[in-house]
Amino acid sequence: MKIRIFKFVIAVILTSGAFSGKASAKTENSYLVLSTLALHFENFDERNAFTPGIGWEYSPSRKLGWHAGTLSDSFGYQSYYGGLVYATRPMVFSRVRFLVGASVVHKQFKKNGDPETKLLPFPAVELKLSKRSVLNVSGSPAVDFGNQRNNAVVFFQYKLDLM
């Protein structure tokens, strides 16, 4: 039941973003997001590096935005994410932005484990490749606290401004 509700919320966010994301005069706020790679620093041979996925991100500079989508996680489970994001103003010849936020992620975190839903930080650096394409480099550090243990990972997402 939780999965159905989560899928419905993601579908509503993606649809509303596609139709309303370009309402402002500034066009570089909404992106089709294509998830591509997840490079893990430990147990790399037990995980998939290619993590195909699709989503939508609305991230106006110096304002609160959001992102949502789905992807095949590093164990092959079809995972879902959604959350809030804040993007800095463009820097370094208007080619670099930093993003920070939080995401609710439903995925398989452990090999042969059950899928879990967690609230995770979302730090990223955005590198503008061309007028309409951007590369996001994100990730999470290794955490070993209490009974929480996760592997350090770097994620790559290709973002395309379609409008």
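- Residues S138 and P123 approach most closely at OG-O, 2.6 Å, considering heavy atoms.
- In terms of heavy-atom proximity, L129 sits nearest to Y158 at CD1-CE1, 4.0 Å.
- Across all non-hydrogen atoms, the minimal contact from V85 to Y58 is CG1-O, 4.1 Å.
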Self-check item: side-chain contact (heavy atoms from CB on, under 4.5 Å) evaluation trace for V153 with L39
Solution: CA-CA 5 Å; V153 62; L39 302 178; 5.7 Å; no
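- Side-chain N or O atoms of T70 include one that pairs as donor or acceptor with a backbone N or O of S79 at under 3.5 Å.
- H67 places a side-chain heavy atom less than 4.5 Å from the side chain of Y81.
- Counting heavy atoms from C-beta outward, R132 and Y31 have side chains that stay 4.5 Å or more apart.
- Going from atom OG of S133 over to atom CG of L34 covers 11.0 Å, rounded to the nearest 0.5 Å.
- Minimum heavy-atom separation, K110 to F75: C-CE1, 3.7 Å.
- Taking the centre and axis of the six-membered ring of F109, the NZ or CZ atom of K118 falls inside the cone set by 45° and 6.0 Å.
- A salt bridge links K159 with E57: at least one charged nitrogen is closer than 4.0 Å to a carboxylate oxygen.
- Using a 4.5 Å cut-off between side-chain heavy atoms of Ile, Leu, Val, Met, Phe, Trp and Tyr, with links allowed through other members, L64 and L99 fall into different hydrophobic clusters.
- Looking at R62, its side chain never comes within 3.5 Å of a backbone N or O of T88 through a donor-acceptor pair.
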Quiz item: For S59 and R97, what are the C-alpha separation, side-chain angles and deciding distance, and is it a side chain to side chain donor-acceptor pair (under 3.5 Å)?
Solution: CA-CA 10 Å; S59 57; R97 285 193 321 168; 2.9 Å; yes
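- Note: the hydrophobic cluster containing V92 also contains L127 (ILVMFWY, side chain heavy atoms under 4.5 Å, direct or indirect links).
- Interatomic distance, NE2 of H106 versus CD of Q78, reported as 10.5 Å (0.5 Å rounding).
- Cluster annotation: F98 and V137 are assigned to the same hydrophobic cluster (Ile/Leu/Val/Met/Phe/Trp/Tyr, side-chain heavy-atom contacts under 4.5 Å, transitive).
- Side-chain contact between W56 and V33 is absent, with no heavy atoms from C-beta onward closer than 4.5 Å.
- Contact record, Q157 with S35: NE2-OG, 3.5 Å, taken as the closest heavy-atom pair.
- V125 is not listed as a side-chain neighbour of N136, based on a closest heavy-atom distance of 4.5 Å or more.
- Closest non-hydrogen pair, D161 versus S30, comes out as OD1-O, 3.6 Å.
- Residues V105 and T117 are not in side-chain contact: their nearest non-hydrogen atoms beyond the backbone lie 4.5 Å or more apart.
- Looking only at distances, no side-chain donor or acceptor of D73 sits under 3.5 Å from a matching main-chain atom of K107.
- Between atom CZ of residue F155 and atom CZ of residue F122 there is a gap of 10.0 Å, rounded to the nearest 0.5 Å.
- At least one side-chain heavy atom of H40 sits less than 4.5 Å from a side-chain heavy atom of S74.
- Between P90 and S61 there is a side-chain heavy-atom pair separated by less than 4.5 Å.
- With a 4.5 Å cut-off on side-chain heavy atoms, T51 and T36 do not count as touching.
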